[in-house]
2 protein chains.
Amino acid sequence: MMKSSAEQAAIEKRLKAAGVRPTAQRIALARFLLNGADHPTAEDVKKWADENFPKMSLATVYNTLALLVRAKLIKEVKLPHTSRVIYDDRVSAHYHFLDEKSGKIYDVDPSEVEVKPRLKKNASVRGVEVLLRGRWESESRQIRERRGKTHVQ
Amino acid sequence: MMKSSAEQAAIEKRLKAAGVRPTAQRIALARFLLNGADHPTAEDVKKWADENFPKMSLATVYNTLALLVRAKLIKEVKLPHTSRVIYDDRVSAHYHFLDEKSGKIYDVDPSEVEVKPRLKKNASVRGVEVLLRGRWESESRQIRERRGKTHVQ
DNA sequence: TTCTAAATTTAGAACTATTCTATATATGAT
DNA sequence: ATCATATATAGAATAGTTCTAAATTTAGAA
Ligand SMILES: [Mn+2]
Ligand SMILES: [Mn+2]
Ligand SMILES: [Zn+2]
Ligand SMILES: [Zn+2]
């Protein structure tokens with residue numbers, strides 16, 4: 001586990017390198033977003049701030065998210081199952097998996113899904129977005145059995 | 001071209017078959033949505049109604065869209081480039097192509113894009129959504145030339 | 001034909017997520 | 001310390017959609 005102050009220094013360096021002035025609020029949010037948060041919404045980020053950096057305004061949360069997106073330290077992701085934007089510290093192109101039971105989003109490396117457009121139309125494809133839906137964790141044998149038949153003592 | 005009254009009768013039949021009572025408003029909207037509209041937003045539908053069925057309320061537009069979705073005569077589609085829902089008269093699974101120049105959405109048959117998930121994780125994939133982005137119409141030679149070099153008389 | 005109960009339509013209020021505006025505060029170079 | 005600029009803040013405004021309560025329309029029943 002990285003020491004908190006060392007982690008803070010590393011975040012400050014990343015912010016500066018990206019041309020973002022490292023204010024107290026930005027450092028706090030960047031620490032959350034870049035180490036630990038997992039596809040949070042703006043509301044998730046505000047909730048974290050309320051618990052860990054009291055008095056931060058919602059405007060600062062949105063301002064900082066937009067700033068970090070512009071600086072390419074995080075990415076905005078819009079998925080069809082919710083109207084909330086989620087923020088992603090993985091900034092390279094990748095796909096997502098939505099676990100329909102838990103609502104959780106998992107990252108999927110592009111190498112894990114072969115996508116080959118063979119369009120009839122002679123169009124130029126400049127990008128592909130893929131969302132997989134299903135169950136991320138396979139159900140355990142126990143749970144499957146419990147669902148499949150009435151339990152007899 | 002189908003005669004208007006025959007078309008109306010066909011729409012009424014489809015509504016009844018789907019368990020939807022064919023009121024005047026619903027027939028009008030279904031005609032637009034099922035014959036002619038191309039991935040309209042609720043706003044597009046309201047605009048059409050204002051021109052073709054005056055006095056229809058926005059609530060009726062939304063109520064009817066929700067009803068037709070429940071009846072599986074249309075599908076809701078949420079794409080990442082806009083916060084507006086679009087409505088699709090193609091109800092079977094398919095993909096979409098966003099022309100980034102025009103903003104227009106085109107349907108892509110699943111057979112036109114090979115998608116093979118090979119996840120490391122042992123997850124069960126129950127559905128796949130694909131959005132392709134790019135230029136649907138290839139640029140013409142003329143336009144490419146005009147962009148590529150200064151035009152000399 | 002009324003009558004009636006249920007379904008539908010309507011106008012506008014409410015709501016959610018986000019962006020904007022105006023003011024206050026903090027920063028850091030001189 | 002002063003000043004100019006950047007940042008943070010509270011709350012208003014906005015966009016898209018859903019909800020609420022009242023009015024209208026409808027399909028049968030009488
Ligand atoms: Mn991370
Ligand atoms: Mn059509
Ligand atoms: Zn991701
Ligand atoms: Zn479509």
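Naming: A, B, ... by sequence-line order, numbering from 1 per chain.
Nucleic acid contact for B:Q25: sugar-phosphate only, since backbone atoms but no base atoms lie under 4.0 Å from a heavy atom of the residue.
In this structure, NE2 of B:H81 is placed 18 Å from P of D:dA15, rounded to the nearest angstrom. Rounding to whole angstrom units, CG of residue A:L67 and C1' of C:dT19 are separated by 16 Å. When the P atom of D:dT7 is taken as reference, atom CZ of A:F53 falls 15 Å away, rounded to whole Å. In this structure, B:Y62 places its OH atom 13 Å from C1' of C:dC15, rounding to the nearest Å. Computed from coordinates, the B:D50 CG to C:dT10 P distance equals 11 Å when rounded to whole Å. Between B:R26 atom CZ and D:dT25 atom P there is a gap of 15 Å when expressed in whole angstrom units. Separating the NZ atom of B:K46 from the P atom of C:dG12 is a distance of 12 Å, rounded to the nearest angstrom. Remark: C1' of D:dT17 and CG of B:N63 are 11 Å apart, rounded to the nearest angstrom.
Mapping B:A24 and A:A42 onto DNA chain C via the closest heavy atom, the residue that lands nearer the 5' end is B:A24. Each of B:A59 and A:V61 was matched to the nucleotide of DNA chain D holding its nearest heavy atom; the match closer to the 5' end belongs to A:V61.
Of the side-chain N and O atoms in A:T23, none sit less than 4.0 angstrom from OP1 or OP2 of C:dA26. Taking 4.0 angstrom as the limit, B:R21 places a side-chain polar atom (N or O) nearer than this to OP1 or OP2 of C:dT8. At the phosphate of D:dT9, OP1 or OP2 sits under 4.0 Å from a side-chain N or O atom of A:S57. Dashed line: the shortest gap from a side-chain N or O of B:S83 to OP1 or OP2 of D:dA15 is not under 4.0 Å.
Using modelled atom types, one finds no donor on one side chain facing an acceptor on the other under 3.5 Å when comparing A:T60 with A:N63.
More than 12 heavy atoms of other residues, nucleotides or ligands sit less than 6.0 Å from atom NZ of B:K121.
The aromatic rings of B:H96 and B:H39 lie perpendicular to each other, with more than 60° between the two planes, well past the 30° mark.
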Inset, instruction - Go through the steps for A:Y62 and A:V85 under the test side-chain contact (heavy atoms from CB on, under 4.5 Å), then give the verdict. - result: CA-CA 11 Å; A:Y62 275 105; A:V85 171; over 6 Å; no

Inset, instruction - Show the numbers, then the answer: is there a side-chain contact (heavy atoms from CB on, under 4.5 Å) between B:Y95 and B:L132? - result: CA-CA 8 Å; B:Y95 306 143; B:L132 307 172; 5.9 Å; no

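Nucleotide D:dA30 forms a pair with C:dT1, judged by Watson-Crick or G-U wobble geometry with both contacts under 3.5 Å.
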